[in-house]
Amino acid sequence: MRAPLLYGLTGSLALTALSLAPAGAADQPPAGAPEQRGVALAAQRAQAAGIKFGKCPTAEGLPSPIQCGTMLVPLNYAHPEGRQLKLTVSRVPATGKKAERQGSLVFNPGGPGASGMYFPLVAPFPEWKNIARAYDLIGYAPRGVGRSAPLTCQNPKDFAKAPTLSPSHPDHTFKKERIARAKAYAQGCLKNAGDALQHYTTLNNARDLDVLRAALGEKKLNFVGASYGTYFGAVYATMFPSHVRRMVFDSAVNPDPDQIWYRNNLDQSLAFERRWADFRAWVAKHDKTYKLGGTPGEVQRSYDKARAQIAAQPAGGKVGTAQLQAAYLKAGYYDDYWPQRAHALAEYLKGNAKPLIDQASNRPEAAIEDENGNAVYTAVECNDAPWPTDWQVWDRDNSRIAKVAPFETWDNAWMNLPCAYWPAPRQQPVDVRVAEGALPPTLIMAAERDAATPYEGALELHRRLPGSALVTERAAGTHGISGGPNPCINGHMDAYLINGQLPVRRAACAPHPEPVPLSPRK
């Protein structure tokens, strides 16, 4: 359930005070589990060492007053004395008076494979100023991400190769080629990571989070995770409920073990079709501006026309149909892309390809980051759960869905197909579930038409976390809504994180305003 790595400045994770003692009995896997003992030992070491924050390395691109540091976690918690991974952490101290401060707030933007190192940058933003007074804002790069013992599966130049094709209804030859690429990619992950590959998992991300809690000197965790961050946050809550103070789940992944991860991705493909329809309806409503068609169907035909032209001749020699698809997929994540994408499509069909080339071309300077993010995404999702290993199952399911949801289905399948040929051991998904009263009240927030994490996931998480409250942004579909343009959503987050106040059980917010059209040149 990966959001683009640019996923906005929304979400955070926090901690408040630390204990040397292992978690209580309610937090334990079966007695004697070596990983649990490994977490307790790693947390003790982290508490003793702390994090020495100082000037951020140039590579992070983070200005003062943001500070950076590192912490160590075991590669394998069953062998905590073995190989250690150095994870990078960022911080900006709380701006409020001593009496206002409530500890650390740590952020994870999801992915898997996204870094939250940039999170402290939100401190001066109006949407975050109240929270920034109360909390130290903490970002970090999870294991394998960025400078945190980076994982790679392929030469970044090959990963960023363009222009490339991505047909909505691939033929047998194209499918065979993608199967071969998926097998090679999976083997590339094993070649580069070796035996370490199996340790990039949601379980270990949750364990690392508890070590981070300890390293920051916090006894209990205040957490805001977005997208995939909601899933491993929920796994953390299942494993360590007594270590939780406050948790916000923004745009929740469906945590049902039967959904992790194959079925969640099938549901995502269907949901993106609905969100693509929302985009086309908005463009049609602004036909006087864009002249791409007065109905969603006419807008689709305009897009199909551009796609056909690009298939025949890539735009600027850089943008093939795969790059076109990736660019317009972002409009399914965030509606603030709608004016840009509509403008680019209108200009392209008028003979001016420059806006489309600017928006859809791969950026060579981002190749390493993009490949790294994709490698971690693949490793975590493939390791977390069993996947179908018979290509006929993938072909049957995605062919069926593509008949009604062609926009994203096959691109989503190709992204995940290495999991069919994964060379590392598979785990059984965690059964996210917490006993009544074991976990403090938590806040779940979701947009009703979110495509990346369909709304059903928020309902399922709400059922599995007793005492949780669900806040819904009605008739909206932006992925990641905390700290965004909706004051109602932000008000609920402020009330919870600052004062511990939640709606009784469920609350609804009106949607944020639709984007304003961007006029093409005359």
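All of these numbers come straight from a predicted model, not from anything done at the bench.
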Kindly indicate, with the supporting measurements, whether the criterion side chain to side chain contact (heavy atoms under 4.5 Å, CB included) is fulfilled by Leu85 and His199.
CA-CA 11 Å; Leu85 304 179; His199 299 296; over 6 Å; no
Show me the side-chain donor-acceptor pairs of residues 418-428 shorter than 3.5 Å, one per line, residues at least two apart or across chains.
residue, atom, partner, partner atom, Å
Trp422, NE1, Asn383, OD1, 2.7
Arg426, NH1, Cys419, O, 3.1
Arg426, NH2, Cys419, O, 2.6

Trace of the ring pair (Phe, Tyr, Trp, His ring centres under 6.0 Å) decision for Tyr333 with Phe272
CA-CA 9 Å; Tyr333 280 98; Phe272 267 107; 5.1 Å; yes
Indicate yes or no for a side-chain donor-acceptor contact from Thr321 to the backbone of Ser166 under 3.5 Å, with no hydrogens or angles considered.
yes
Check the side chains of Asp208 and Tyr140 for a donor-acceptor pair under 3.5 angstrom, ignoring hydrogens and angles.
no
State whether the side chain of Gln325 and the backbone N or O of Asp411 hold a donor-acceptor pair below 3.5 Å, judged by distance alone.
no
For the residue pair Glu371 and Gln154, what are the closest heavy atoms and their distance?
OE2-N, 3.0 Å
Parallel, tilted or perpendicular: rings of Phe279 and Trp282 (30°, 60°):
parallel
Relative to each other, are the rings of Tyr328 and Trp276 parallel, tilted or perpendicular (30° and 60° limits)?
perpendicular
Under the disulfide (SG to SG under 2.5 Å) rule, what pairs show up with a residue in residues 249-292, not counting sequence neighbours?
none
Which heavy-atom pair separates Phe249 from Thr442 by the least distance, and what is that distance?
CE1-CB, 3.7 Å
Is a side-chain donor or acceptor of Asn362 paired with a backbone partner of Ala160 at a separation under 3.5 angstrom?
yes
Answer yes if the side chains of Asn398 and Thr409 hold a donor-acceptor pair under 3.5 Å, and no otherwise.
no
Test your reading of the model: is there a side-chain donor-acceptor pair from Asn490 to the backbone of Gly483, 3.5 Å cut-off?
yes
With under 30° as parallel and over 60° as perpendicular, where do the rings of Trp128 and Phe119 fit, or are they tilted in between?
perpendicular
Is the CD1 atom of Ile368 crowded by more than 12 outside heavy atoms at less than 6.0 Å?
no
Under a plain distance cut-off of 3.5 Å, with no hydrogens placed, do Trp261 and Asn416 share a side-chain donor-acceptor pair?
no
Non-hydrogen atoms of Ala402 and His169 that approach each other most closely
O-CE1, 3.4 Å
Determine whether Arg143 and Leu87 satisfy the following criterion, side chain to side chain contact (heavy atoms under 4.5 Å, CB included), listing intermediate values before the conclusion.
CA-CA 6 Å; Arg143 60 171 57 201; Leu87 307 190; 4.1 Å; yes
Count the heavy atoms of every other residue, nucleotide or ligand shown that sit under 6.0 Å from CZ of Arg463, and state whether that count exceeds 12.
yes
Show your reasoning for whether side chain to side chain contact (heavy atoms under 4.5 Å, CB included) applies to Val404 and Leu270.
CA-CA 8 Å; Val404 295; Leu270 289 165; 4.0 Å; yes
Specify the closest pair of heavy atoms between Pro296 and Arg280, including all atoms of both residues, with the distance to one decimal.
O-NH1, 3.0 Å
So, Gln268 and Asn264: side-chain donor and acceptor under 3.5 Å apart, yes or no?
no
